[in-house]
Amino acid sequence: MTQAQLTVLAGPTAVGKGTVVAALCKRYPNLKVSVSATTRNPRPGELNGVHYYFVSPEQFDSMIERGDMLEWALVHGKNKYGTPRGPVDEALAAGEPVLLEIDLSGARQVRSNRPDAQFIFLAPPSWDELERRLIGRGTEGPEEQERRLATARIELEAASEFDHIVINDDVERAVGELAALIGLE
């Protein structure tokens with residue numbers, strides 16, 4: 001039996017990671033996508049344990065101290081996000097491929113902890129399109145949009161650190177390319 005592959009997908013805010021991963025999971029329902037923990041409040045429609053584990057800052061810090069996080073980061077200088085280690089290790093041990101949808105800092109931590117993982121960067125077709133997507137989704141105010149765009153510039157500069165770059169110019173095309181890289185097709 002071949003060892004299950006851990007794949008890390010990262011990219012700038014508003015690039016469409018969630019949309020691409022949702023479409024990938026719809027096409028491949030057996031794909032295991034890790035659920036991240038976060039200290040931020042849920043957005044409308046987000047469910048605890050499905051979209052994220054929504055935890056208090058104190059709970060998150062306890063998870064870090066116990067070594068329960070595969071990676072974690074303070075994102076946009078505001079909220080902590082991280083990947084609980086247990087469910088990822090369990091799925092890989094069971095022979096299931098696992099996809100982590102995380103930020104750049106988290107991807108760097110996983111690379112140092114799990115150099116055998118595959119790293120894929122999801123990129124926008126252009127800066128203008130990324131800006132349009134961020135503003136168009138209407139989930140952040142102007143100040144938060146500016147903070148996220150500043151972070152996105154830094155994240156885009158790190159694309160060369162990844163094994164593969166997938167351009168999200170068309171969701172179905174990006175999903176097909178991602179599926180091939182993960183070994184689902």
query: Is there a side-chain contact between F54 and E46, using heavy atoms and a 4.5 Å cut-off?
result: yes
- prompt: Closest approach of R40 and T38, non-hydrogen atoms and distance?
  reply: N-OG1, 3.1 Å
- line: Value for CD1 (I182) from CG (L9), rounded to nearest 0.5 Å, stands at 7.5 Å
message: Could you report the tightest heavy-atom contact between E71 and V110, atom names first, then the distance?
response: CG-CG2, 3.6 Å
- prompt: Are L70 and I120 linked, directly or through other ILVMFWY residues, by side chains that come within less than 4.5 angstrom of each other?
  reply: yes
query: Given side chains that start at C-beta, do those of M63 and K80 come closer than 4.5 Å, heavy atoms only?
result: no
task: Evaluate the side-chain proximity of R147 to K78: yes if any heavy-atom separation is below 4.5 Å, no if none is.
output: yes
- request: Would you kindly confirm whether V35 and L99 end up in one hydrophobic cluster when ILVMFWY residues are joined by side chain heavy atoms under 4.5 Å apart?
  value: no
query: Atom CG in D116, atom CZ in R111: separation rounded to 0.5 Å?
result: 10.5 Å
field: Rounded distance (nearest 0.5 Å) linking atom CD of E58 with atom OG1 of T39
entry: 10.0 Å
- prompt: With a 4.5 Å limit on heavy-atom distance, are the side chains of I167 and R173 in contact?
  reply: yes
query: Could you state the interatomic distance from CG (L24) to CD (E172), rounded to the nearest 0.5 Å?
result: 10.0 Å
- line: Note: P97 and K32 closest approach over all heavy atoms is O-CB, 3.4 Å
task: Return yes if a side-chain donor-acceptor contact under 3.5 Å exists between S126 and E129, otherwise no.
output: no
Mind listing the side-chain donor-acceptor pairs of residues 84-96 below 3.5 Å, one per line with the distance, residues two or more places apart or on another chain?
residue: R85; atom: NE; partner: G67; partner atom: O; Å: 3.3
residue: R85; atom: NH2; partner: M69; partner atom: O; Å: 3.2
residue: D89; atom: OD1; partner: R114; partner atom: NH2; Å: 2.3

- prompt: Side-chain heavy atoms under 4.5 angstrom apart, residues restricted to Ile, Leu, Val, Met, Phe, Trp, Tyr: same cluster for I165 and I102?
  reply: yes
task: State the CG-CG distance between L178 and N168, to the nearest 0.5 angstrom.
output: 10.0 Å
query: If you link I, L, V, M, F, W and Y whenever their side-chain heavy atoms are under 4.5 Å apart, who else ends up in the same group as L47?
result: V50
query: Could you go step by step and tell me if R148 and E144 meet the salt bridge (Lys or Arg N to Asp or Glu O under 4.0 Å) rule?
result: CA-CA 6 Å; R148 286 177 179 256; E144 180 67 12; 2.9 Å; yes
field: Residue pair L104 / F121, side-chain heavy-atom distance below 4.5 Å
entry: no
query: Quick check: does any side chain N or O of E101 sit under 3.5 Å from a backbone N or O of V21, one acting as donor and the other as acceptor?
result: no
- request: Compare every heavy atom of P12 with every heavy atom of L122, then report the nearest pair and how far apart it is.
  value: O-CD, 3.4 Å
query: With the 4.5 Å side-chain cut-off for hydrophobic clustering, are Y53 and L74 part of the same group?
result: no
query: Does some side-chain heavy atom of W72 sit less than 4.5 Å from a side-chain heavy atom of T83?
result: no
query: Should L181 and V166 count as side-chain neighbours, where that means a heavy-atom distance under 4.5 Å?
result: yes
- prompt: Of the non-hydrogen atoms in Q5 and Q118, which two are nearest, and what is the gap between them?
  reply: NE2-N, 3.1 Å
- line: So CD1 of I154 and OG of S105: to nearest 0.5 Å the spacing works out to 11.5 Å
task: Return yes if some donor-acceptor pair links the side-chain N/O of Q145 with the main-chain N/O of E140 below 3.5 Å, else return no.
output: yes
- prompt: Do V33 and L100 belong to the same hydrophobic cluster, where Ile, Leu, Val, Met, Phe, Trp and Tyr are linked whenever their side-chain heavy atoms lie under 4.5 Å apart, directly or via other members?
  reply: yes
task: Consider only side-chain N and O atoms of T139 and R137, and report whether a donor and an acceptor are under 3.5 Å apart.
output: yes
- request: Could you please spell out the steps behind the side-chain contact (heavy atoms from CB on, under 4.5 Å) verdict for D103 and K17?
  value: CA-CA 10 Å; D103 78 328; K17 292 184 298 290; over 6 Å; no
- line: Scanning both residues in full, the closest heavy-atom pair of F119 with A107 reads CE2-O, 3.4 Å
